[in-house]
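Here's the structure, in structure tokens; my notes come after.
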Amino acid sequence: MGNEIDIEGIIRSKAGKKARWIPHFVTEWLKRFIHQDYINGYLRQDREGVDFCEGVIEHLGVTLHLEGTEHLPDDGRAYTFVSNHPLGAIDGVALGGILGRHYNGKIKYLVNDLLMNLKGLVPLCVPINKFGSQSRASAELVEQAFAGENHIIMFPAGLCSRLIDGQIQDIAWSKSFLRRSIRAKRDVVPIHFVGQNSPRFYRVALWCKRLHLPNFAQVLLPDEMYRARGQHYTVRIGAPIPYQTFDNSRALNDWAAWVRQQVYNL
């Protein structure tokens, strides 16, 4: 029971004294909308780490086609794996399963600290908290992760892809993956995950941006994952890019944009 999601409990704990004003039908609707029973049906299996990631893919009936596995380095060094983020959930656990199995569990995600509520993922996660008093401690954890022996999995866009210029693609990538990889002397492995969410998701994301609203599209992600049951996706792995490539001939933001383009070129 400790691993299960309790939407009503989460909402009421966040709302505090205002919780009494939240109608019961609202929380019941949210439970159905995010498919709480379906998700908890899987979480009751109490799988952890790489096994958790592989189990999610199995539970959803998703299949994966891998290309470029010969590019996965096996020289004993630690690498930074960076990918586009088209789905917001399935792509994350899929890469955790693929890379985690290949590297015997020696992987770490850099994730939004909210994902630490998924107990099965916790062993693989380094939480990123950019706000408040925890931000400094979070930064130290990230530095330790890059200095360690585990491979790092990152989605440098920071959120899942959007409809931009008529195409489903990531927003501009943050340069932090390069700054940290260079400092830790880690080569960078580009990955292209081929897939997309429903048109509804992109419409909501677009209107949130136009109206300067919070990222309500994020709330749709559990339903997007549920809708993706039985889907097939392609994952393309590119050749490692030596960290020495990222020299002073370009600004790091420009290098980040260049790596992003290499991903879409795969």
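Basis for what follows: all heavy atoms, side chains included, without hydrogens, waters or symmetry-related copies. All residue numbers refer to positions in the sequence shown, counting from 1.
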Mark yes or no for whether K108, through its side chain, and P123, through its backbone, hold a donor-acceptor pair below 3.5 Å. yes
Roughly how far, to the nearest 0.5 Å, is CZ of R179 from OG of S174? 7.0 Å
Under 3.5 Å: donor-acceptor pair, side chain of R162, backbone of C160: yes
Closest approach of F146 to F177 (non-hydrogen atoms, all atoms of both residues): CE2-O, 4.4 Å
Over all heavy atoms of both residues, which pair between H232 and L64 is shortest? Give the atoms and the distance, please. CE1-C, 3.9 Å
Carefully, step by step, assess N215 and C208 under the rule side-chain contact (heavy atoms from CB on, under 4.5 Å). CA-CA 6 Å; N215 183 19; C208 286; 5.5 Å; no
So, do L99 and I153 sit near enough that their side-chain heavy atoms are less than 4.5 Å apart? yes
Shortest non-hydrogen contact from S176 to M154? OG-CE, 4.2 Å
Are F81 and I152 packed together at the side-chain level, in the sense that at least one heavy-atom pair is separated by less than 4.5 angstrom? no
Going by atom types alone, do T234 and H65 pair a side-chain donor with an acceptor below 3.5 Å? no
In the structure I gave you, are the side-chain heavy atoms of R77 and R186 within less than 4.5 Å of one another anywhere? no
Which atoms form the tightest heavy-atom contact between H85 and D91, and what is the distance? ND1-OD2, 2.9 Å
Parallel, tilted or perpendicular, judged at 30° and 60°: which one describes the rings of H192 and Y264? perpendicular
Side chain to side chain, S198 and R227, heavy atoms closer than 4.5 Å: yes
Within the side chain of Y109, is there an N or O that forms a donor-acceptor pair under 3.5 Å with the backbone of L121? no
Please check this pair: side chain of W255 against backbone of K175, looking for a donor-acceptor N/O pair closer than 3.5 Å. no
Enter the distance from I168:CD1 to N84:CG here, rounded to the nearest 0.5 Å. 11.5 Å
Calculate, to the nearest 0.5 Å, the distance between atoms NZ and CG belonging to K106 and N150 respectively. 6.5 Å
NZ/NE/NH1/NH2 to OD/OE distance under 4.0 Å, R47 and E58: yes
Quick one: CG on D51 to CZ on R101, what's the gap to the nearest 0.5 Å? 7.0 Å
Please determine whether ring pair (Phe, Tyr, Trp, His ring centres under 6.0 Å) holds for the pair Y79 and Y243, giving the CA-CA distance in whole Å, both sets of side-chain angles, and the decisive distance to 0.1 Å. CA-CA 10 Å; Y79 287 75; Y243 71 90; over 10 Å; no
Any I171 side-chain heavy atom under 4.5 Å of I164 side chain: yes
Would you kindly confirm whether V188 and L266 end up in one hydrophobic cluster when ILVMFWY residues are joined by side chain heavy atoms under 4.5 Å apart? no
Non-hydrogen side-chain atoms of W258 and I241 separated by less than 4.5 Å: yes
Report yes or no: do V204 and L206 belong to one cluster of Ile/Leu/Val/Met/Phe/Trp/Tyr joined by side chain heavy-atom distances under 4.5 Å? no
Are the side chain of E224 and the backbone of L87 linked by a donor-acceptor contact shorter than 3.5 Å? no
Gap between atom CG of N197 and atom CG of L163 - 0.5 Å precision: 12.0 Å
Working for side-chain contact (heavy atoms from CB on, under 4.5 Å), residues L95 and I191: CA-CA 9 Å; L95 293 186; I191 297 177; 4.0 Å; yes
Are V82 and L159 connected into the same hydrophobic cluster when the rule is that any two of I, L, V, M, F, W, Y join if their side-chain heavy atoms are below 4.5 Å apart? no
Heavy atoms, side chains only, cut-off 4.5 Å: are H71 and V189 in contact? no
For Q167, does the CD atom sit with more than 12 other heavy atoms under 6.0 Å from it, leaving out its own atoms? no
Does one hydrophobic cluster hold both I57 and Y42, with members joined at side-chain heavy-atom distances below 4.5 Å? yes
With a cut-off of 6.0 Å (strictly less than), are more than 12 heavy atoms of other residues, nucleotides or ligands near CD of Q244? yes
To the nearest 0.5 angstrom, please state how far the CG atom of L221 sits from the CD1 atom of I90. 10.0 Å
For L124 and C53 the tightest heavy-atom approach is CD1-SG, 3.9 Å
If hydrophobic clusters are built from ILVMFWY residues whose side chains come within less than 4.5 Å, do L72 and Y233 share one? yes
Closest approach of G96 and I107, non-hydrogen atoms and distance? O-CD1, 3.4 Å
Any side-chain heavy-atom pair from E48 and K119 closer than 4.5 angstrom? no
Please determine if D170 and R260 form a salt bridge, counting it only when a charged side-chain N lies under 4.0 Å from a carboxylate O. no
Determine, for Y226 and R229, whether the Lys NZ or Arg CZ falls below 6.0 Å from the six-membered ring centre while staying within 45 degrees of the axis. yes
